[in-house]
K.L.:
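Structure in structure tokens, see below.
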Amino acid sequence: MTDPRTDWTRPEIAALFDLPFDELMFQAQTVHRAHHAASQIQLCTLLSIKTGGCAEDCGYCAQSVKADAGVKATKLMDVRAVLQAAAQAKDAGSQRFCMGAAWRNPKDRDMPAIVEIVQGVRAMGMETCMTLGMLTPKQADMLAEAGLDYYNHNIDTSPERYNEIITTRTMDDRLDTLAEVRRAGINVCSGGIVGMGETRADRVGFIHTLATLPKHPESVPINALVPVKGTVLGDRLIDTPTEDRLGDPTKKISKIDDIEFVRTIAVARITMPLSMVRLSAGRESMTEACQALAFMAGANSIFTGDKLLTTANAGDDADAALLAKLGLRAMTAEEPLRACKAMEVVA
Ligand code: SAM
Ligand code: DTB
Ligand code: SF4
């Protein structure tokens, strides 16, 4: 197997976006089938283990202290309650349990409970993923020692647009944590959000940043903005823009065009052939046809269950019906591990 390229240029990525749609889909399917089992979708479950009251000002997020989205701030969940939720997810057929905390970074005093959670979920035979914000080298090592399989830390958008969306940290802060996660030996999950009013060039820059990391993330979540009332970006999409830091408060953003969304998935698949590409937030308001195209474009992972972190998700019944209609089946736990092993072989 040849090494996946990490030397993509922006013009090359822009040229992929510009392909005729049928050609782009053909290339994406060809790459997908060369590296992944066809017709198999990984099912992941999300749990918010610490909700709201986050010090960061991410313009899309309902959990920021700057948002007025009616999200109640909670403390870190009790270890036993997290393990109970993980057991339920396992019974529902999920292979990966992803736990999110609305933190800028975990405090050292939070780490013993986090370590206990990772160990407990792993002992159930599920893959573990955590997203806790920025990490110190010591925290990354503690998570690795606890056996954490994946760490999610999204770059979210292009380097050029980053400080319009978030002012309380930089893209470089994000890249530093990703490097620490890699160094500690934890698999990387990193992607972002489209539909935040960005340009095609921003989407090119976003994919370029991921596809030129020293090693591609093992998981690449592509979220479509879930517009939440009371957040800067949600209000702009819902059509109630208020005075905010993004300049002209009357500037609206529209929901991303379905075809452009699918193109983004296809370009992620082609440029990061071995990665699991996750069709993440935003499925609840997506048509079945758009989701089907996203799977054809190479997405092979979804979040199941009724809830993401604070917003609604499509729900198990809707997902089971969609997968059945499309003849797709849930991946066994071994498949994503096989994909990771393939990445180790070529690294
Ligand atoms: N605080 C941690 C962090 O930011 O890394 C972890 C939790 S944070 C909610 C995880 C990711 O969820 C964000 O990086 C963003 O990509 C995604 N997200 C948050 N709100 C979203 C929204 N309204 N629509 C789509 N994606 C969203
Ligand atoms: C990711 O890229 N998407 C997930 C997960 N990683 C942590 C989170 C989506 C959150 C959607 C908004 C909400 O529910 O608050
Ligand atoms: Fe905090 Fe994460 Fe939400 Fe940003 S995306 S406000 S860091 S919870």
Side-chain angles (χ1 to χ4, degrees), residues 44-67 69-74 76 96-106 110 114 128-135 150-157 162 165-171 173-178 181 188-198 206 210 217 219-238 253 255-256 261 268 276-286 299 301-314:
C44 310
T45 300
L46 251 183
L47 177 71
S48 181
I49 59 172
K50 193 268 163 225
T51 308
C54 181
E56 304 266 25
D57 70 352
C58 313
Y60 46 78
C61 187
Q63 303 196 70
S64 163
V65 281
K66 298 281 162 59
V71 171
K72 200 171 146 264
T74 66
L76 179 63
R96 188 178 296 183
F97 199 59
C98 309
M99 295 157 273
W103 283 326
R104 173 173 163 79
N105 51 267
D110 301 316
I114 294 289
T128 51
C129 179
M130 287 220 161
T131 178
L132 313 170
M134 292 182 279
L135 296 179
Y150 290 82
Y151 194 77
N152 168 247
H153 201 63
N154 290 343
I155 61 156
D156 280 326
T157 189
Y162 199 82
I165 306 290
I166 300 144
T167 70
T168 47
R169 58 166 191 260
T170 64
M171 173 77 98
D173 290 332
R174 239 27 203 178
L175 296 174
D176 287 348
T177 290
L178 287 175
V181 169
V188 170
C189 172
S190 188
I193 313 179
V194 291
M196 297 197 291
E198 73 280 349
F206 157 59
L210 293 172
S219 282
V220 178
I222 306 286
N223 299 274
L225 176 70
V226 178
V228 180
K229 198 165 167 8
T231 61
V232 171
L233 291 160
D235 284 350
R236 287 195 164 197
L237 198 146
I238 298 166
I253 56 178
K255 185 177 172 293
I256 188 162
F261 179 77
M276 303 290 292
V277 175
R278 184 166 313 117
L279 175 54
S280 302
R283 286 196 308 117
E284 208 221 1
S285 61
M286 229 173 255
S301 175
I302 56 172
F303 285 121
T304 55
D306 298 337
K307 207 170 167 198
L308 292 166
L309 293 173
T310 65
T311 64
N313 194 24

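All residue numbers refer to positions in the sequence shown, counting from 1. One-based numbering, in listed order, for ligands and for the atoms of each.
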K.L.:
Does F303 reach ligand 2, in the sense of a heavy atom lying below 4.0 Å from it?
P.N.:
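The answer is yes: ligand 2 sits under 4.0 Å from a heavy atom of F303.
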K.L.:
Please work out whether any backbone atom (N, CA, C, O) or any side-chain heavy atom from C-beta onward of A101 is under 4.0 Å from ligand 1, and answer side chain, backbone, both or neither.
P.N.:
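Backbone only; the side chain of A101 stays clear of ligand 1.
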K.L.:
For atom 4 (Fe) of ligand 3, what is the nearest protein heavy atom, given as residue, atom name and distance?
P.N.:
C58 SG, 2.3 Å
K.L.:
Would you mind finding which of V71, I193, N223 brings a heavy atom closest to atom 9 (C) of ligand 2?
P.N.:
N223
K.L.:
Report the part of L233 (side chain from C-beta onward, or backbone N, CA, C, O) that has a heavy atom under 4.0 Å from ligand 1; answer both or neither where that applies.
P.N.:
neither
K.L.:
In ligand 3, which numbered atoms sit nearer than 4.0 Å to a non-hydrogen atom of A102?
P.N.:
8 (S)
K.L.:
Indicate, as side chain, backbone, both or neither, the part of M196 found under 4.0 angstrom from ligand 1 when only non-hydrogen atoms are considered.
P.N.:
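Near ligand 1, M196 shows nothing, with every heavy atom at 4.0 Å or more.
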K.L.:
Using a 4.0 Å cut-off to any heavy atom of P221, which atoms of ligand 2 qualify?
P.N.:
2 (O)
K.L.:
Atoms of ligand 2 less than 4.0 Å from T131 heavy atoms?
P.N.:
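Listed by number with element, the hits are 7 (C).
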K.L.:
Just to confirm, does any protein heavy atom lie below 4.0 Å from atom 14 (O) of ligand 1?
P.N.:
yes
K.L.:
Please identify which atoms of ligand 1 are closer than 4.0 Å to at least one heavy atom of G133.
P.N.:
2 (C)
K.L.:
Considering only non-hydrogen protein atoms, determine which one is nearest to atom 3 (Fe) of ligand 3 and report residue, atom name and distance to 0.1 Å.
P.N.:
C61 SG, 2.3 Å
